[in-house]
S.K.: 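For reference, the structure I am asking about is given below.
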Number of protein chains: 2
Amino acid sequence: MQTKAVEDYLKAIYELQAEGGKVSTTSLSERLSVAPASVTGMAKKLAKMKLVVHEPYQGVELTPAGEKIALEVIRHHRLVESYLAEALGVPWDKVHEEADQWEHVLSEEMEDLMDDKLGYPTSDPHGAPIPARDGTMPKADLRRLSELEAGETAVIAEVSDHDAELLRYLGELGIFPHVEVRVISSAPFEGPVTIRINGDEHALGREVAGYILVGSLR
Amino acid sequence: MQTKAVEDYLKAIYELQAEGGKVSTTSLSERLSVAPASVTGMAKKLAKMKLVVHEPYQGVELTPAGEKIALEVIRHHRLVESYLAEALGVPWDKVHEEADQWEHVLSEEMEDLMDDKLGYPTSDPHGAPIPARDGTMPKADLRRLSELEAGETAVIAEVSDHDAELLRYLGELGIFPHVEVRVISSAPFEGPVTIRINGDEHALGREVAGYILVGSLR
DNA sequence: ACCAAAAATTAGGCTTGCCTAAATCTAGAA
DNA sequence: TTCTAGATTTAGGCAAGCCTAATTTTTGGT
Ligand SMILES: [Mn+2]
Ligand SMILES: [Mn+2]
Ligand SMILES: [Mn+2]
Ligand SMILES: [Mn+2]
């Protein structure tokens, strides 16, 4: 059994890797709110444990063993988020913080019981895919809402859960997974994206729109 | 926010205190599976934090502040046990181990949600009282089953949850809180206690009978 | 009252993870 | 190609908790 710190590092490395290749010391340092020197220390330790490959000055990359653990932690996290939302009615902007703690103490038995109770969900309340029990991660083909052209219609697939306040705001606008959106206009020079959702129009900042992933209709 | 270790020590001190006055270094050392020297170290630390009074060579005693924290942890533990049993169908011999981990990560919000969902229970699956939100611990007047005379009838109130195997055994016999028992005979010289429960008779070792607390009928 | 065994504390160390400050490496601009 | 700013690592430390071995205190039996 790994420590909470090891699990958090592996999870962060997995997520950063998914957002683009090699993972730098700085990016991990920021993600985990820890000094860069601390990251170097842990990188060496994880390398010795064969959970990452650490090329000094060049970043880290998960080994298959490291990825396996990362996916287990992420599965715990997202199942817990789903369970809290579904069974206890916790609003979607509060589940992440709680799951960040529970993910480390959830036993495999409780994991299975929650999974059963929920009917084997494949995505969490923010639309993020839940890794399967065998460690398979469903991979969807999604675009950022910020990249759509005016006139395009799509379905919200996933919303970044890193910022609770943002989730609360988007929730008020009715921006949830499975909801249909139409881009009315997309201003140039990194300007706002105007969307129509549930019959209402809203203008979103370009950055915010980038946190929303969408899939094709149907 | 206290560390997990501090919470575990305070909880253990509370429980040992409830079983009889001053708490020795050795008793804590055994309860927590930690070397006596480690207990002394923590005792000094807790004393500095004003959570216990530590009289060197004489043991420790909770201060009101320490007791408050202990009761919060115990409330978390017992609510989680109740929730797991009720909502996820976890058998009573498995809930304790899980709750021992969850108790440290449960937020006050989740505590309240579970409490609501359960309908404000006053005792856990083993019959142990759940401290109220205000820190009040219901105190019942109970006797050990091992102390009853032949011919007496009583109601099971509480079963020690320290040994999962024992719980499984007692469960098979139908020994649960709220069930009626009658003592058929109580052998002398620390001999077995024979009881009738649900129409069946069973002989229990004296020590086992001591782990079962009973209350008066009605 | 004494003395030995048991209980508790002190002394010294170890691991995990974190930090700051100093050194070193890398990469992009000139 | 050089140089410097930024990224990274190294060096040295600290706090929490745990351990074993040595020492001190308490206590119960004689
Ligand atoms: Mn975490
Ligand atoms: Mn999520
Ligand atoms: Mn615990
Ligand atoms: Mn219990």
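Letters go in sequence order (proteins before strands), and every chain restarts at 1.
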S.K.: May I ask you to evaluate whether B/His54 reaches the phosphate of C/dT9, defined as a side-chain N or O under 4.0 Å from OP1 or OP2?
M.R.: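 Affirmative; the distance criterion is met.
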S.K.: Under a 4.5 Å cut-off applied to non-hydrogen side-chain atoms, are A/Gln2 and A/Val73 in contact?
M.R.: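 A side-chain contact under 4.5 Å is absent here.
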S.K.: Check this for me, if you would: do A/Arg144 and A/Glu207 make a salt bridge, where the nitrogen-to-carboxylate-oxygen distance has to be below 4.0 angstrom?
M.R.: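 Not counted as a salt bridge, because no side-chain N and carboxylate O are separated by less than 4.0 Å.
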S.K.: Using whole Å, what does the distance between atom C1' of nucleotide C/dA8 and atom CD of B/Glu30 come to?
M.R.: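 Atom-to-atom, B/Glu30 to C/dA8, this comes out as 14 Å.
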S.K.: Under 4.0 Å between a side-chain N or O of B/Lys44 and OP1 or OP2 of C/dT9?
M.R.: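 Answer no for this pair, as no side-chain N or O of B/Lys44 is under 4.0 Å from OP1 or OP2.
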S.K.: Ignoring the backbone of B/Val6, work out which of C/dC25, D/dG17, D/dC18 is nearest its side chain.
M.R.: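 Shortest atom-to-atom distance from the side chain points to D/dG17.
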S.K.: Look at all strands and tell whether A/Ala37 reaches a base, only sugar-phosphate, or nothing, counting heavy atoms closer than 4.0 Å.
M.R.: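 Answer is base: heavy atoms of A/Ala37 come under 4.0 Å of a base.
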S.K.: Provide, to the nearest angstrom, the distance between the CG atom belonging to B/Asp8 and the C1' atom belonging to D/dC18.
M.R.: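 Spelled out: CG on B/Asp8 to C1' on D/dC18 is 14 Å.
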S.K.: Report the distance from atom CG of A/Leu46 to atom P of D/dT9, rounded to the nearest whole Å.
M.R.: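 Roughly 13 Å, once rounded to whole Å.
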S.K.: In whole Å, I'd like the distance from the CD atom of B/Glu55 to the P atom of D/dT25.
M.R.: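 B/Glu55 atom CD is separated from D/dT25 atom P by 15 Å.
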S.K.: Could you tell me the separation between the NE2 atom of A/His104 and the P atom of C/dG17, rounded to a whole number of Å?
M.R.: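 In whole Å, C/dG17 P lies 12 Å from A/His104 NE2.
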S.K.: Closest approach to the side chain of A/Thr40, judged atom by atom: which nucleotide of D/dG17, C/dC18, D/dT10 is it?
M.R.: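 Comparing D/dG17, C/dC18, D/dT10 against the side chain of A/Thr40, the answer is D/dT10.
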S.K.: For residues A/Val80 and A/Glu103, determine if any side-chain heavy atom of one lies less than 4.5 Å from a side-chain heavy atom of the other.
M.R.: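 When only atoms from C-beta onward are counted, A/Glu103 and A/Val80 do not touch, as no gap falls below 4.5 Å.
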S.K.: Whole angstroms only, please: what is the NZ-P distance between B/Lys45 and C/dT9?
M.R.: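 Computing the B/Lys45:NZ to C/dT9:P distance gives 17 Å.
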S.K.: Is there a donor-acceptor pair closer than 3.5 Å between any side-chain N or O of A/Arg31 and the backbone N or O of A/Leu16?
M.R.: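 Judged by distance alone, no pair lies under 3.5 Å.
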S.K.: Report yes if a side-chain nitrogen or oxygen of B/Thr25 is closer than 4.0 Å to either non-bridging phosphate oxygen (OP1 or OP2) of C/dT9; otherwise report no.
M.R.: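 Indeed, a polar side-chain atom of B/Thr25 lies that close.
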S.K.: In whole angstrom, what separates B/Lys48's NZ from D/dG17's P?
M.R.: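 Rounded to whole Å, this separation is 13 Å.
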S.K.: Which nucleotide in the set D/dC18, D/dT9, C/dC18 lies at the smallest distance from any side-chain heavy atom of B/Met42?
M.R.: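 Nearest to the side-chain atoms of B/Met42, counting from C-beta on, is D/dC18.
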S.K.: Here's a test of your reading of the structure: between A/Tyr9 and B/Ala43, which maps to the more 5' nucleotide of DNA chain C?
M.R.: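 The residue mapped nearer the 5' terminus is B/Ala43.
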S.K.: Just checking B/Glu149: does its CD atom have more than 12 heavy atoms from other residues, nucleotides or ligands closer to it than 6.0 angstrom?
M.R.: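 Count not over threshold, so no.
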S.K.: Please tell me which of the listed nucleotides, D/dC19, C/dT26, C/dT10, lies nearest to the side chain of A/Gln58?
M.R.: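 So the side chain of A/Gln58 is nearest to C/dT26.
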S.K.: Can you see if the side chain of A/Tyr57 gets near the phosphate of C/dA23 - specifically, an N or O under 4.0 Å from OP1 or OP2?
M.R.: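 False: A/Tyr57 side-chain N/O out of range (4.0 Å or more) of C/dA23 OP1/OP2.
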S.K.: CG of A/Leu28 versus P of D/dA7: gap in Å, rounded?
M.R.: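 Value for this atom pair: 14 Å.
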S.K.: What nucleotide, of D/dC19, D/dT25, D/dT9, holds the atom closest to the side chain of B/Ala35?
M.R.: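 For B/Ala35, the side-chain atoms sit closest to D/dC19.
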S.K.: Between A/Ser38 and C/dC19, is there a contact of a side-chain N or O with OP1 or OP2 at under 4.0 Å?
M.R.: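 Yes, within the criterion.
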